[in-house]
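See structure below.
All heavy atoms count here, side chains included; hydrogens, waters and symmetry mates do not.
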Amino acid sequence: MKREKERLQKIRNIGIVAHIDAGKTTVTERILYYTGKTYKMGEVHEGTAVMDYLPQEQERGITITSACTTCYWKDHEIQIIDTPGHVDFTIEVERSLRVLDGMIAVFCGVGGVEPQSETVWHQANRYRVPRIAFVNKLDRVGSDYFNVIQMMVEKLGANPLPVQIPIGKEESFSGVVDLISMKGIIWDEESLGALYEYVEIPEELKDASLYYREKLIDSLSMLDDRIMELYLNGEEIPESLIHETIRRGTIAMKCVPVFCGAALRNKGIQPLLDGVVRYLPSPLDVPPVKGKNPLTGEEEIRLPSASEDFTALAFKVIMEEGRKLIYIRIYSGELKTGDEILNVNMGKREKVSRIYRIHANHKERIDSASVGAIVGIVGPKDTSTGHTLTKSKQILLEPINIYQPVISMAVEPKRNADQEKLLAVLKRIQEEDPTFHVRSDEDSLQTVVSGMGELHLDVILRRVREEFQIDIHVGKPQVVYMETIEKEVFIENTFEKVINGILHRGAVKLQITPDGRGKGLNIYSRIDMSHPVYTYLEAIEEGINEASNSGVVRGYPVTDVRVYIMDASFNNPEFARLTLKMAAHEAFRKGCMEASPVLLHPIMSLTVTTPNEFLGDIINDLSMRKCQIKEIIAKEKVTLIEAYAPLTQMFGYSTDLRSLSQGRASFTMYFSHYDKVENEKD
């Protein structure tokens, strides 16, 4: 037991997350090099990054899929997941954060807190993931470490705790001052940053270092009474106490230690690794995983112990050489090759034929894996993203949030002979990626694929062409709408059917009312438990849910609606389930027709960064596109415009923005919510 506890205390399951182009893959590559996992640094811009191993990742210079690896630093095992920064691949971040104990948030020293940084930060808040921050690219023109820290306060509501300040600025950036040891750290360029030394703080930085050290101790005194007492008495505060307090504050999510550097110039990585092992939690430091017992409905926990029953969450699925490789995080117990496990979601028992330790696209076969591990398994055929796996004691862990697609395209093979192969390939990709949907349009007899954005679908359809060798025709992108209602209605409907010469009848009465944006479809019953129909409420709900999948305006799903089942009746218990379901299905559709149905458009959160001289033209253009300006933030030479934009108005925006700004403005855009757009032609 003691040895197991010591082993778990030295495990760090972390993710590296950031906005696109903040440099997180470069940070990961340097971590692998300095920990000895790789002998040569990979570069994103050269297409040689170890963690960006897909051909499209190397070609585009972006991360598309999250990649796992394990490395070692100062007797600690660090399991790392490098995640994408582009919003179209948010699901990769979501499912990674779900299984991680801690994370490194990488910020660009120039761009600071960018839109996807905010999205990822709020995802981490939802899963209560402790984090440390790394301000990267401090060698770049326009970088400003202290501005990024201020943005963390204003945009993220964080409590940043700078434990370092930079030595030099922009091109003269050469190292950092450690505010805990009050020493400078300078990296040796000839050794590619592998060697570094502690030096005296440069004279010109001594006052600033003392000022920020004072602020650090002041912040920590709010977290620990012992530091407060020593601080007020003017006594020396031991470094060990400072580290201990920062660790407790980080794990409790009361502060975020901030490090700095320039990963591409090989500066700042080793102290960041020290921060990972000092401040981020082990599996023993986070609360035990919770879930519901599907048999009793009671909440249960699983302690991080090998003696507990095996419990794991499947968080990623990829198809490899015709087999399904499932990435799992083990929360309790132990798994061995050949073990039979239970998929609690599906109620099926399956055998684990192989277990792998993963390093990007390389796999190492192992015989067993224990609590705290992130591994790949082969064998289970019905396991998908978000499924809970156990051996004997059933529990259902919290599932992973899946985002709804906002854009769709029609696809068809150039050769009729490839039709079945195309469908099989698309279904296979859908199994890997829960945000990618495939359906057959019965009216046009076309196959329609839906995803999180144009880049998302482009990446997938290129895989179809290049990886699976299927030539395809692709239609123009189409927006995925939703439908809702604008007024309340009461509706009654009766379904009758003659079976074997006998009339069977089911009747329902519903109250259908609009709900707030983002509320989804919620069904409530007003029927007493003593009512004969109470047993068949599930069938009524089933009918309503099925009807909501295809609305009455343009056939899109109905959302943001509350339905109250007011009353129901039937004349034959044998056929009650069928007749009540059909009556509810038709009642919901009729009710929606009478309740002023409307289309809801996907609304994107848009941030435009533009030189000041183009501001007026860009704002006029956004107004013409029916965008709602949220905020205009003026900086020295550039202005940030934050707005809500209807997706239907934003196709081709990158080209238009380039022409409006002589190619000098840039933008980022991600899905925010569904809403009505006034005066929009559907």
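- Sorted by first and then second residue, the salt bridge (charged side-chain N to carboxylate O under 4.0 Å, His left out) pairs involving residues 382-391 (not counting sequence neighbours) are D339-K391, K348-D382.
- Comment: E432 engages R463 in a salt bridge, judged by a side-chain N to carboxylate O separation of less than 4.0 angstrom.
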Y356/I377 under side-chain contact (heavy atoms from CB on, under 4.5 Å): CA gap, chis, key distance, verdict: CA-CA 6 Å; Y356 292 106; I377 61 171; over 6 Å; no
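- A 4.5 Å side-chain heavy-atom check between H673 and M604 finds every atom pair outside the cut-off.
- Under the 4.5 Å side-chain criterion, counting only non-hydrogen atoms from C-beta, V558 is not in contact with V552.
- With respect to the salt-bridge test (charged N to carboxylate O, under 4.0 angstrom), the residues D433 and K316 do not qualify.
- Closest approach of L521 and S548 over heavy atoms only: CD2-OG, 3.4 Å.
- Rounding to the nearest 0.5 angstrom, the gap separating the CD atom in Q394 from the CG atom in N343 is 10.0 Å.
- Side-chain contact between Y331 and V99 is present, with heavy atoms from C-beta onward closer than 4.5 Å.
- With sequence neighbours excluded, no residue forms a ring-ring contact (aromatic ring centres under 6.0 Å, His included) with H122.
- In this structure the side chain of I374 reaches within 4.5 angstrom of the side chain of N13, judged on heavy atoms.
- With sequence neighbours excluded, the residues that form a side chain to side chain contact (heavy atoms under 4.5 Å, CB included) with Q478 are S408, K476.
- Side-chain atoms of T388 come within 3.5 Å of backbone N or O of L397 as a donor-acceptor pair.
- In this structure, the side chains of K414 and I472 stay at 4.5 Å or more apart for every pair of heavy atoms.
- Looking at K324, its side chain does come within 3.5 Å of a backbone N or O of K381 through a donor-acceptor pair.
- In this structure, a donor-acceptor pair under 3.5 Å is absent between the side chains of E586 and N493.
- Judged by the 6.0 Å and 45° rule, R126 forms no cation-pi pair with W121.
- When atom types are taken as modelled, the side chain of R98 and the backbone of E398 share a donor-acceptor pair closer than 3.5 angstrom.
- Atom CD1 of I318 is separated from atom CZ of R428 by 10.0 Å, given to the nearest 0.5 angstrom.
- Cation-pi check for R562 over Y564 is not met; the charged atom does not lie both under 6.0 angstrom from the ring centroid and within 45 degrees of its normal.
- Residues meeting the side chain to side chain donor-acceptor pair (under 3.5 Å) test with N345, sequence neighbours left out: none.
- Under the rule for a side chain to side chain donor-acceptor pair (under 3.5 Å), E594 has no partner lying at least two apart in sequence or in another chain.
- Applying the side chain to side chain contact (heavy atoms under 4.5 Å, CB included) criterion to A314, with sequence neighbours excluded, gives I326, I328, T383.
- Residues passing the side chain to side chain contact (heavy atoms under 4.5 Å, CB included) test with S550, sequence neighbours excluded: R589.
- Interatomic distance, CZ of R131 versus CE of M103, reported as 4.5 Å (0.5 Å rounding).
- Ion pairing of E299 with K292 is absent here, as no side-chain N (NZ or NE/NH1/NH2) approaches a carboxylate O to less than 4.0 Å.
- Using a distance-only test at 3.5 Å, with no hydrogens or angles considered, a donor-acceptor pair links the side chain of S353 to the main chain of V378.
- Ionic pairing of D656 and R625 is present here: one or more N-O contacts between side-chain nitrogen and carboxylate oxygen are shorter than 4.0 angstrom.
- The line from OG1 of T69 to CD1 of I358 is 9.5 Å long, rounded to the nearest 0.5 Å.
- Considering only heavy atoms from C-beta on, L325 stays 4.5 Å or farther from V317 through its side chain.
- Taking K421 as the reference, nothing meets the side chain to side chain donor-acceptor pair (under 3.5 Å) condition, with sequence neighbours excluded.
- With hydrogens and angles ignored, the 3.5 Å screen pairs no side-chain donor or acceptor of E420 with any backbone N or O of A417.
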Step-by-step salt bridge (Lys or Arg N to Asp or Glu O under 4.0 Å) determination, R517 to D560: CA-CA 6 Å; R517 291 290 169 263; D560 302 343; 3.6 Å; yes
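- Partners of Y674 according to the ring-ring contact (aromatic ring centres under 6.0 Å, His included) rule, which considers only residues two or more places apart in sequence or in another chain, are F671.
- The side chain to side chain donor-acceptor pair (under 3.5 Å) test applied to R465 returns no partner, not counting sequence neighbours.
- Closest approach of S525 and L537 over heavy atoms only: OG-CD1, 3.5 Å.
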CA sep, side-chain torsions, deciding dist, call: L606, I641, side-chain contact (heavy atoms from CB on, under 4.5 Å): CA-CA 8 Å; L606 173 74; I641 307 163; over 6 Å; no
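- Among residues two or more places apart in sequence or in another chain, the ring-ring contact (aromatic ring centres under 6.0 Å, His included) test is passed with Y653 by F667.
- In this structure, the side chain to side chain contact (heavy atoms under 4.5 Å, CB included) partners of V438, at least two apart in sequence or on a different chain, are L426, Q430, F436, T447, V449.
- Salt bridge status for E542 with R577: absent, with no side-chain N to carboxylate O gap under 4.0 Å.
- Panel note: side chain H362, backbone H359; no donor-acceptor pair is recorded below 3.5 Å.
- Ring centroids of H585 and F495 are separated by 6.0 Å or more, keeping the two rings apart.
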Working for side-chain contact (heavy atoms from CB on, under 4.5 Å), residues L510 and I565: CA-CA 5 Å; L510 305 178; I565 304 167; 4.1 Å; yes
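- No side-chain heavy atom of M624 sits under 4.5 Å from any side-chain heavy atom of Q649.
- Between the side chain of E483 and the backbone N or O of R554, at least one donor-acceptor pair lies under 3.5 Å.
- In this structure, CG in L100 is found 4.5 Å from CD1 in I81, a value given to the nearest 0.5 Å.
- At a threshold of 4.5 Å between non-hydrogen side-chain atoms, the residues L580 and V508 count as touching.
- Annotation: the span from I544 atom CD1 to N549 atom CG amounts to 12.5 Å, rounded to 0.5 Å.
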